[in-house]
Amino acid sequence: LFPTDLGGSPLTVVIGRGSIGKTVVEVYIVNGSTSTLVQTLQWAGVTSGENLATFEIPAALFVVNPYLTDKYKPKSGESKWNRKPSAV
């Protein structure tokens with residue numbers, strides 16, 4: 001699942017499972033070689049019918065800090081993620 005623009009709308013995830021144990025889904029932002037855990041969803045309940053649980057993750061949690069992307073990765077010899085964007 002790779003939504004690129006949620007447009008301010010929450011991401012809705014539906015977990016369907018059996019009736020034994022639990023299901024855990026981890027949602028990440030993946031940007032280049034950097035991944036950041038956004039939220040862990042867990043469903044261990046039992047409902048009638050299809051045993052579904054719906055989760056909404058606010059779009060605001062998917063905002064990426066541009067300084068943590070590969071574009072600003074240190075150049076050879078740099079030791080920190082300290083590069084700043086150049087003027088456009």
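Numbers for residues simply follow the sequence, beginning at 1. Note that the structure is a prediction, hence the values are computed from the model and not measured.
- Heavy atoms only, all atoms of each residue included: S35 and V30 are closest at CB-CG2, 4.2 Å.
- Between F55 and I15, the shortest heavy-atom distance links the atoms CE1-CD1, 3.6 Å.
- Residues satisfying the side-chain hydrogen bond (donor to acceptor under 3.5 Å, both in side chains) criterion with Q42, sequence neighbours excluded, are K22.
- For the pair V13 and T54, the minimum side-chain heavy-atom distance is 4.5 Å or more.
- Following chains of ILVMFWY side-chain contacts shorter than 4.5 Å, one cannot reach V24 starting from Y28, and the two form parts of different hydrophobic clusters.
- When all heavy atoms of L52 and W43 are compared, the pair lying nearest together is O-CZ2, 4.1 Å.
- The number of heavy atoms from other shown groups lying within 6.0 Å of CG (L37) is above 12.
- To the nearest 0.5 angstrom, Q39 atom CD is 9.5 Å from L11 atom CG.
- In this structure, CZ in R17 is found 5.5 Å from CG in N51, a value given to the nearest 0.5 Å.
- Taking CG of L61 as the reference point, atom OG1 of T36 lies at 11.5 Å (rounded to 0.5 Å).
- Residues satisfying the side-chain contact (heavy atoms from CB on, under 4.5 Å) criterion with E56, sequence neighbours excluded, are P10, T12.
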